[in-house]
Amino acid sequence: MADTTNSAIDAPKKRSLLETLEVDTRLLGMIGAFVILCIAFNVLTDGRFLTPRNIFNLTIQTVSVAIMATGMVFVIVTRHIDLSVGSLLATCSAFMAMLQTAWLPGIFGIDLGSPFVAPIAIVLGLALGAAIGAFHGWLVGYLTIPAFIVTLGGLLVWRNAAWYLTRGQTIGPLDQNFALFGGTNGTLGETWSWIIGFVAAGAALIILFLSRRNKIAHEFPVKPVWAELSLSAIVVSAILGFVAVLNAYQIPTRRLERMFEARGEVMPEGYSVGYGLPISVVLLILVAIAMSVVASRTRFGRYIFATGGNPDAADLSGINTRLLTVKIFALMGFLCALSAVVASARLTFHSNDIGTLDELRVIAAAVIGGTALSGGIGTIYGAILGALIMQSLQSGMAMVGVDAPFQNIVVGSVLVIAVLIDIIYRKRLGAG
Amino acid sequence: MAEDRGTPLVELEDISISFGGIKAVDHVSLDLYPGEVVGLLGHNGAGKSTLIKCLSGAYQMDSGEIRIRGDKVEINNPRDARSHNIETIYQTLALADNLDAASNLFLGREITTPLGLVDDATMEAETRKIMGRLNPNFRKFSSPVSALSGGQRQSVAITRAVYFNAKILIMDEPTAALGPQETQMVAELIQELKREGLGIFLIDHDVHQVKMLCDRAAVMKNGKLVGVVDVDAVSTDDILAMIIAGKKPEHLTA
């Protein structure tokens, strides 16, 4: 009792290290949990978990769910839910696969292998996803059907629309350029990865500097210089470290030999090259940046959070909350289509069960990442970290050799426990 | 008396609105002049909040006419009301609890940078400026408003109205959740706004407060207007009698 009173009085004067750095303690907790998880798996697998090869695979496996999770944050923040994302992904994937293999060559005479195939398929696929999402949003916003029902119906409708489009068949192989978005088939190589890494690190430093200058210009309190510098150092080393790890994963010799053969050359003895950043991961990073900017720096994002915090207040402030719902679901549909590109490109074909149960992974990623189902609270980086934690847990257990049923039991339990921890954390925060 | 004050700021004429067969507001007419505070009194469900929501755009009236400075206007939603410089401070404090004071103050009317992005720094600076004038003790600029006291939240709501040059202010029980000191603060604020020529509709349950703050009092019962009286010409008992009995006191009807 006496303890809490003291700390409450002392708090404004003596700021802790974390407060000085202005680091989100929640984010830190999640990163901590993630690090512990990785180290534990690494020990259990005798060092096989934290190899460049496995980290590379983990990141490309996470992309599809993580992209959708960023959209799910907006949906859940406005107190809605989307249960149809996995099915919507399947419909978009089926649509794009059919475009590439049947419709574009058959109807428009654009054969597989033409440079136009991938762009046309992707643009039309994204448009379809956004249109279906907007339709869901219209049903929810204007016809006031609960999102749970609309998307539960959508779960069945779009899963089977995909089935109908492909007659249940596996459609492939997909276009070469399309497959670049899948991961192993499309990486930037070492040089370009380093260039992007340095550009990103530079951009991060500039942003940190500009935001500090902006605060000073408005005479707001700023962090001490040492705090700013150490934060910069952490950010830069994280970015460059990530690039270094992905560059360290060498393309297997057999695969390289085949690549040289395809060009009609002979591979030099002892030649070796790293994969570098997969294009799909770059895509995820771009989506994450764009969605974060939307969330915190645009009116659209502000209205999403205001509506989630108090729908009546948003309405009375003149925000068109119905149209906002349409936009949010359209964005969700667009991101499902983007995930469909990544997911089918990774397989290099469309399969009938693509995206099955993804709705649960996506919702779990957003919720583990700190998005509150009661609305108004959620972050993009949290959802991506949530997706990464889920994927690490799943593939780590597979590597350790946990039986499949136990894997799912653990993942399900982790979701429930994560939400419990979150509730306790928020209560403490509210009380203190 | 009304004639020599020129055109009323607001004229509500013959307003009716019903919900599922119940006449919530039944042919009510009321006006408001610049620099005047008109109190709206009545029991719960008397129709005062419903009447005022027709003016603020939260409800659409079934029949009747609203005139602002003599011109007929259409108010179909809160945005229309704002475009006529009508600002509302709701009983339920229409604030988004998860956002900070500046975000709430500018909600729906954000300041943006040339790139179209929300300019949080400028908005916070503006909030600090106007808060310094209206409530200098306000400090919690970066916390979500859920962390604020009732009075602090009320000052965010009032600041929002003042910042955007409200000409017509609607206050729905602005002091209901406040302590004596904070109530005093709101009372002083109302006097200040009156001097600046705003017209204020004040919905309240507290007859004493209405007598203290308002120039005229309009009493409603069962959706109908009982009468409008000059607060200096009546006693609190007269007003109470109007609220309870639904009849104008005899010495005033003459």
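By convention in this document, chain letters (A, B, ...) are assigned in the order of the sequence lines, proteins followed by strands, and residues within each chain are numbered from 1.
How far CG of A:Leu316 is from CG of B:Leu107: 10.0 Å, rounded to the nearest 0.5 Å. The CZ atom of B:Arg160 sits 4.5 Å away from the OG atom of A:Ser317 when rounded to the nearest 0.5 Å. Rounding to the nearest 0.5 angstrom, the gap separating the CG atom in A:Asp312 from the CG atom in B:Leu95 is 12.0 Å.
Judged by distance alone, with hydrogens and angles left aside, the side-chain atoms of A:Arg297 form a donor-acceptor pair with the main-chain N or O of B:Val118 at under 3.5 Å. Side chain of B:Asn98 to main chain of A:Gly308: no donor-acceptor pair is present (N/O by atom type, distance under 3.5 Å, no hydrogens or angles).
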Item to complete: Give the intermediate values and the outcome of side-chain contact (heavy atoms from CB on, under 4.5 Å) for residues A:Ile319 and B:Arg79.
Response: CA-CA 8 Å; A:Ile319 295 168; B:Arg79 268 163 292 166; over 6 Å; no
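For the residue pair A:Arg302 and B:Ser103, a side-chain donor N or O sits within less than 3.5 Å of a side-chain acceptor on the partner.
Neither the backbone nor the side chain of A:Ser211 has a heavy atom closer than 4.5 Å to any heavy atom of chain B. For chain B, no part of A:Val294 is nearby; none of its heavy atoms comes within less than 4.5 Å. In this structure, chain B has a heavy atom under 4.5 Å from the side chain of A:Tyr303, while its backbone stays farther away. With a 4.5 Å cut-off on non-hydrogen atoms, B:Ser146 does not touch chain A at all. Using a 4.5 Å cut-off between heavy atoms, B:Arg128 contacts chain A through its side chain alone, with no backbone atom that close.
With respect to chain B, the highest number of heavy-atom pairs below 4.5 Å among A:Ala314, A:Ala306, A:Ser296 belongs to A:Ala306. Ranked by heavy-atom pairs under 4.5 Å with chain A, the first of B:Gly108, B:Ala125, B:Ala121 is B:Ala121. In terms of heavy-atom pairs under 4.5 angstrom with chain B, the leader among A:Ala217, A:Gly318, A:Gly309, A:Gly375 is A:Gly318. Heavy-atom pairs under 4.5 Å with chain A peak, among B:Thr122, B:Asp80, B:Asp97, B:Leu115, at B:Thr122.
Heavy-atom neighbours of A:Leu229 CG from other residues, nucleotides or ligands within 6.0 Å: above the threshold of 12. Atom CZ of B:Phe19 is surrounded by more than 12 heavy atoms from other residues, nucleotides or ligands within 6.0 Å. In A:Phe209, the CZ atom is not crowded: 12 or fewer heavy atoms of neighbouring residues, nucleotides or ligands sit closer than 6.0 Å.
Closest approach of B:Pro78 to A:Asp315, counting heavy atoms only: CG-O, 3.6 Å. A pairwise comparison of heavy atoms in B:Ala96 and A:Ala313 identifies N-CB, 4.1 Å as the closest pair.
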